[in-house]
Amino acid sequence: MRINWKSFVLSLAVLLILFPFIYLVFLSLASEWRFPEVWPSYLGFKNWVTVFGSETGLLESFFSSLLISLSVAVFSTASGFLISKAVFYHPKKRILTLLAYFPYILAPVVFAACLSFFFLKMGLFGNMTGVVVAQFIIAFPYALLFFSSFWNAKVKSYEDLVATLGGNKWQTYTKVLLPLAKGLILICFFQTFLISWFEYGLTSIIGIGKVQTLTIKVFLFIKEANYYYGALSCCLLIFPPVVLLYFNKRYVFKKLV
Amino acid sequence: MKIKKSNVSILLFVLIGVVPFAAAFIYALLYSFGVIGVANNGFTLQFWESVLASGIFFKSFLYSFIIALTAVTISVGGALWITLKFKKQLEKRFLSFIIYLPLAIPGVVTGFFTLQLFSKGGFFARISHKFGLITKASEFPDLVNDGLAFGILLSFVTMVMPFFVLLFLNVYKNERVEELSVLAQSLGANPNQIALRVFLPILIKKTWVLIVLYFIFLLGAYEVPLILGQESPQMLSVLIIQEIKQYDLDKISEGYVVAVLYTLIVSAAAIVLFLPKRKSAYAN
Amino acid sequence: MFLEVQHIVKSFGEEKVVKDLNFSLESKQTLSILGKSGCGKTTMLKTIGGLVASDSGKILLNGEDITETKPEKRNIVYLYQEDLLFPHLNAFENIAFGLRLKKIPEGLIKEEVNHMLQSLELEGQADKMPTELSGGQRQRVSFGRAISTNPSLLLLDEPFGSLDTGTRQRMQELFKKLTAEYKITSLFVTHDLKEAVLMGDQIGFMHDGILKVYEDKKDFIQDPETGVQNEIDFWGGLI
C-alpha cells in the first residue's frame, strides 16, 4: 500500500514538472484557439516557420540575448574570481562582504530605476552595451560572493607552496588556482549566464524597449495578447537552460555544500 | 608590489560593487527630497509626507510581506515534507534530472504559464466549460490578477519549492543526516522524534540564511506580480516602477520615496543577516 | 656560515610571536627545532621562507642578504604538516611541478622524477592520483616535489605530524637517507622530543618566541627546560 501511495505522488510530481514544458510547446504550435475550444483549430509549425523567417524578430532576440548573457557571464565570472581573491583575503573581509550583499539583495528593477539617470548621462541608455553593463553590475556581486568559500587557508597554503617552489604569480594562477577552481568557475559561469538570460525588469528599464531580449519579447507578446508567439518565446527562453542543466546538474549545488 | 596589486582589486571591487549601489541610493534619496528632478525646486518633505500619509507604502509593504512569507512557508514546508518522504526515490537517475528542470524556468515564463492556465479564457476555464461547470468565461473564478494573489502565490511556490527540495536533499546527504538518524534510532528515537529532533533542526539550521534570502528576493519580485498582480495594492517593485514611470511629476518623487524605504529595509536585513560572525553559511 | 639569521622580530598586532631570532647553520646540515604548538616556530619558518615579512632583522643565505627577496626567488622550500599535494595532478606530475615551473626540458624532467620516485620507494605509483595514495606515500611525494627543485634550504614544519608511529619511523629513516643523497640543508621543526634528537645534526629549543640553539646534543639533554631530563627520570623511575 505504502509503496503505491508514494509512486502515485511521484508520478504526479513528474507530470506536474513536465506539464509546463509540454504545454508551452503545444501552445507555441497552436493558432486560432478560441474559447471555449479544448483543442486549437490549427496545430502545426506555422509559428515556428514565422520565427525563422524572422518576421517577428524573435530569432534576432534569441541571438542578442545570447550575446548579452555570454558577455555578462564572461565578465562577471572572470572579474568575480579575480577580485574576490583580494576581498576575501582582506583583513576587513566581513565589511567588504556585507557591502557586496547590498546590491545582491536589492531588486534589480529598483536598482535599475535608481541608476537609469547615470546610464542616460553616460550614453548607455537604450543600447546593448548599457544592458550588458547594467546586468554585469548585478551579476558581479553574485559571482564575487560565489567564490568566497574558495579563498580559504588551504588555498593560501597552496599559493605559498607554489611561491617557495619558485613559481611566479602567473604560474600560480594557470597551474594551480585555475585548475583547483575549475568546477566552481564553470558553475558560476552557468549561474551568471542564467541571471542575465532570465533578467527582465532591469533590462526593460535600461534598454527602454530598444534592446529586445527574449524576456522583453515575452512581455510584448503578453501585452499584445499574442499567446502563441509568447509561448514560442518561452520555449526559446527555456530550452538553452535545460540543455545547460543537463550537463551541469551535478555541479549546481556543489558550491553550497 | 603584492600589496599594490590587491589594492587595485579592492579599488575595482569598490568601483563595481559599491559605487553603483551608493550612487543609486543617493540619487533616489535626493530625488525623494526634491533636491534633484525635473520639476523639483529644492529641498522639501512634501513627497515623504504624502507617501507616509497616504499609507501607500505600508499597504504595499504589508501586502508583499504577507505574500512572500506565505510563499516561502509553503515552499519550505512542502520541500521539507518531500525530502523527508521521498529522499530515496529522488536519488534515482531519471528523477534526479527531472527535479532539476524547474530551475530552467524563469519568473517571466512562470507568470505567463500561470496566466495561460488560470485566466478566464485559459486552460482550466476551457476544461470547466467542457465539463459543463461554467457556461461563460466570466463565470470562471478570479484566479489571476485576483485579490487573494492566488496566481502570484502559485507562481512563487512553483518557482521556489523545487529549489528548496534540491537544497534540502543536498544538505541531507552532506550533513550525513541518514547516519545520524540511524544513530538516533539506535538510541531509541521513533520516526517522529527523528524527524523533529534530527532531520528538521539540522536542515533548518544549515539553510535558514538562504530561506531568509529567498523571502527577501520574493519581497522585491517584479515579473510575476507584474503579470499576475491586481490594480491595488501592488507588490513593492511593481509599485515603485509604476510611480517612477508616471507622467505626473510629483508621483515620480513619491516613487523614489518608496524606493528609498524599500532599500533601507532590505539593507537592514542584509546587515542583520551577514554582519554577525558565522562560520559557514550555505548562502556562500 | 651558509644560513645566518640575525635579530629577526615578528609581531602580529600586539603579540610578539618571534623575539630576536639569532642562529646560523652550516651547509648540508639539519637543525632540528623542538617546540610546542604556538611557540612561534611556524612564523619563524615562514619568515625565513619569505611568506611572512619580518618587522626587523636580517637573513643571509650563502652570504647574500635575502631579507627583502620574494619567496619565489629565494630557492627556499617550505613544507607543511599537511602534504598539500595538488589534487588535479598525479604523483609524477606533483613531483615534476617545480621542475615544470623552471621550464626544464621534458626528457630531463622524466629522468629526474623517475629517479626521485625510486629514491622515495614509490616505484609504480607514478600515475596514481593523491586520493589513491596512503598518508605516508603522500608525504613522500610532497618531499620529492620539494627536493626535486634542488632548494638551497628546506624548511620542514612538523612534516610527520599526521602520520602513525610506524610510518613516522620509516619516514624519519628515509628522510635521513635523502638528505645525505641530495645534500640538503634543512630546518626541521617538531614537537616530538625523540624526533628532534634523531633528525638534527644540531638541536634548538624554541619557547615563547625565543630560539636557543645548543652547542651539542649533551647540552640539549642537560637543559632542564627541554624536558629530556623529565623523560629520563620517567623511564629511570620505572626500572
Side-chain angles (χ1 to χ4, degrees), chain A residues 6 10 14 17 20-21 23-24 27 35-38 79 82-83 85-87 89-90 94 96-103 105-107 109-111 113-115 117-118 137 140-141 144-146 148-149 198 200-201 215 218-219 222 227 230 234 237-238 241-242 245-246 249 252-253 256-257, chain B residues 6 9-10 12-13 16-18 20-21 23-25 27-28 85-86 89 95 97-109 112-113 116 121 125-127 129-130 137 166-167 170 174 213 216 220-223 227 237 240-241 244 259 262-263 266-267 269-271 274-275 277 282 284:
Chain A
K6 280 198 177 178
L10 276 175
V14 170
I17 291 173
F21 294 91
Y23 189 78
L24 286 171
L27 192 59
F35 186 84
E37 302 304 320
V38 183
S79 59
L82 295 174
I83 295 174
K85 183 181 176 193
V87 170
Y89 280 162
H90 199 273
R94 269 174 60 212
L96 296 175
T97 310
L98 179 67
L99 289 175
Y101 267 112
F102 288 140
I105 213 168
L106 193 70
V109 66
V110 178
F111 199 5
C114 300
L115 271 179
F117 168 78
F118 302 100
I137 288 174
F140 171 76
L144 185 101
L145 292 165
F146 183 90
S148 64
S149 55
F198 288 170
Y200 168 74
T215 52
V218 172
F219 261 91
I222 294 176
Y227 299 126
C234 285
L237 199 52
I238 289 175
V242 170
L245 261 181
Y246 183 76
K249 81 165 178 75
V252 172
F253 276 80
L256 297 168
V257 173
Chain B
S6 77
S9 291
I10 296 291
L12 281 173
F13 165 73
I16 312 169
V18 183
F21 178 80
F25 183 72
Y27 179 78
K85 295 286 178 196
F86 298 101
Q89 288 85 345
L95 279 176
F97 173 62
I98 291 287
I99 53 174
Y100 274 88
L101 280 179
L103 297 191
I105 302 183
V108 182
V109 176
F112 173 74
F113 179 66
Q116 286 307 309
R126 290 166 198 266
I127 289 186
H129 187 270
K130 181 88 184 164
L166 291 165
L167 180 70
N170 266 274
N174 288 293
L213 214 53
I216 295 171
Y222 181 62
E223 291 93 332
I227 300 175
S237 290
I240 292 169
I241 300 308
I244 288 175
Y262 161 73
T263 308
V266 172
S267 303
I271 291 171
F274 299 110
L275 197 57
K277 229 181 196 153
Y282 267 70
N284 298 298

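In the text below, chain A, chain B and the rest are named by the order of the sequence lines, each starting its count at 1. Just so you know, these numbers use all the heavy atoms, side chains as well, and skip hydrogens, waters and symmetry mates.
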When heavy-atom pairs shorter than 4.5 Å are enumerated against chain A, which of A28(B), S267(B), G220(B) gives the highest number?
S267(B)
Geometric class of the F274(B)/Y101(A) ring pair [parallel <30°, tilted 30-60°, perpendicular >60°]:
parallel
Heavy-atom pairs under 4.5 Å with chain B are the metric here; pick the option from L10(A), I137(A), L237(A), V218(A) that has the most.
L10(A)
Below 30° counts as parallel, above 60° as perpendicular, anything between as tilted: where do the rings of Y23(A) and F113(B) land?
perpendicular
Residue pair I105(B) / F21(A), side-chain heavy-atom distance below 4.5 Å:
yes
Heaviest contributor of heavy-atom pairs below 4.5 Å to chain A, chosen from I127(B), I241(B), T263(B), I244(B), is I241(B)
With chain A, the option among G107(B), P102(B), A137(B), A259(B) that has the most non-hydrogen atom pairs under 4.5 Å is A137(B)
Turns out that what part of Y227(A) lies under 4.5 Å from chain B's heavy atoms comes down to both
Go through the atoms of V18(B) and report whether side chain, backbone, both or neither lie under 4.5 Å from a heavy atom of chain A.
side chain
Of the backbone (N, CA, C, O) and the side chain (C-beta and beyond), which part of I240(B) lies under 4.5 Å from a heavy atom of chain A, both, or neither?
side chain
Part of L24(A) lying under 4.5 Å from any heavy atom of chain B
side chain
Ring-plane angle category for F117(A) and Y27(B), please: parallel below 30°, perpendicular beyond 60°, tilted otherwise.
parallel
I17(A) versus chain B, the contacting section by heavy-atom distance below 4.5 Å
side chain
Examine whether an atom of I271(B) lies under 4.5 Å from a heavy atom of chain A, and if so say whether it belongs to the side chain, the backbone or both; otherwise answer neither.
both
For V87(A), is it the side chain, the backbone, both or neither that has a heavy atom under 4.5 Å from a heavy atom of chain B?
both
Is A221(B) close to chain A through its backbone or its side chain, or both, or neither, when contacts mean heavy atoms under 4.5 Å?
neither
Heavy atoms only, distances under 4.5 angstrom: which of A86(A), P241(A), S79(A) has the most pairs with chain B? Name it, please.
A86(A)
Turns out that what part of F102(A) lies under 4.5 Å from chain B's heavy atoms comes down to both
With a 4.5 angstrom heavy-atom cut-off, could you sort out which part of T215(A) is near chain B: side chain, backbone, both or neither?
both
Decide yes or no for I83(A) and I16(B): does some side-chain heavy atom of the first lie under 4.5 Å from some side-chain heavy atom of the second?
yes
Side chain, backbone, both or neither: which part of I222(A) has an atom under 4.5 Å from a heavy atom of chain B?
side chain
Heavy-atom distance under 4.5 Å between the side chains of F219(A) and I227(B), does that happen here?
yes
Among Q89(B), H129(B), R126(B), which has the most heavy-atom pairs under 4.5 Å with chain A?
R126(B)
Quick check on P141(A) against chain B: is it the side chain, the backbone, both or neither that has a heavy atom closer than 4.5 Å?
neither
Which region of L96(A), side chain (C-beta onward) or backbone (N, CA, C, O), has a non-hydrogen atom less than 4.5 Å from a non-hydrogen atom of chain B, or is it both or neither?
both
Segment of Y89(A) engaging chain B (4.5 angstrom heavy-atom cut-off)
neither
To check you understand the geometry: which heavy-atom pair defines the closest contact between H90(A) and I10(B), and what is its length?
CD2-CD1, 3.7 Å
For Y262(B) and A107(A), work out which heavy atoms get closest and say how close.
OH-N, 2.9 Å
Could you grab the distance from atom CG of L27(A) to atom CZ of F112(B), nearest 0.5 Å is fine?
5.5 Å
Given side chains that start at C-beta, do those of F118(A) and P20(B) come closer than 4.5 Å, heavy atoms only?
no
Before you tell me yes or no, could you show the steps for E223(B) and F198(A) under side chain to side chain contact (heavy atoms under 4.5 Å, CB included), namely the whole-Å CA-CA distance, both residues' side-chain angles and the distance that decides it to 0.1 Å?
CA-CA 10 Å; E223(B) 291 93 332; F198(A) 288 170; over 6 Å; no
Can you tell which of V109(A), L98(A), T97(A) has the highest number of heavy-atom pairs within less than 4.5 Å of chain B?
V109(A)
Side-chain contact test, heavy atoms from C-beta onward, threshold under 4.5 Å: evaluate it for L101(B) versus Y246(A) and give yes or no.
no
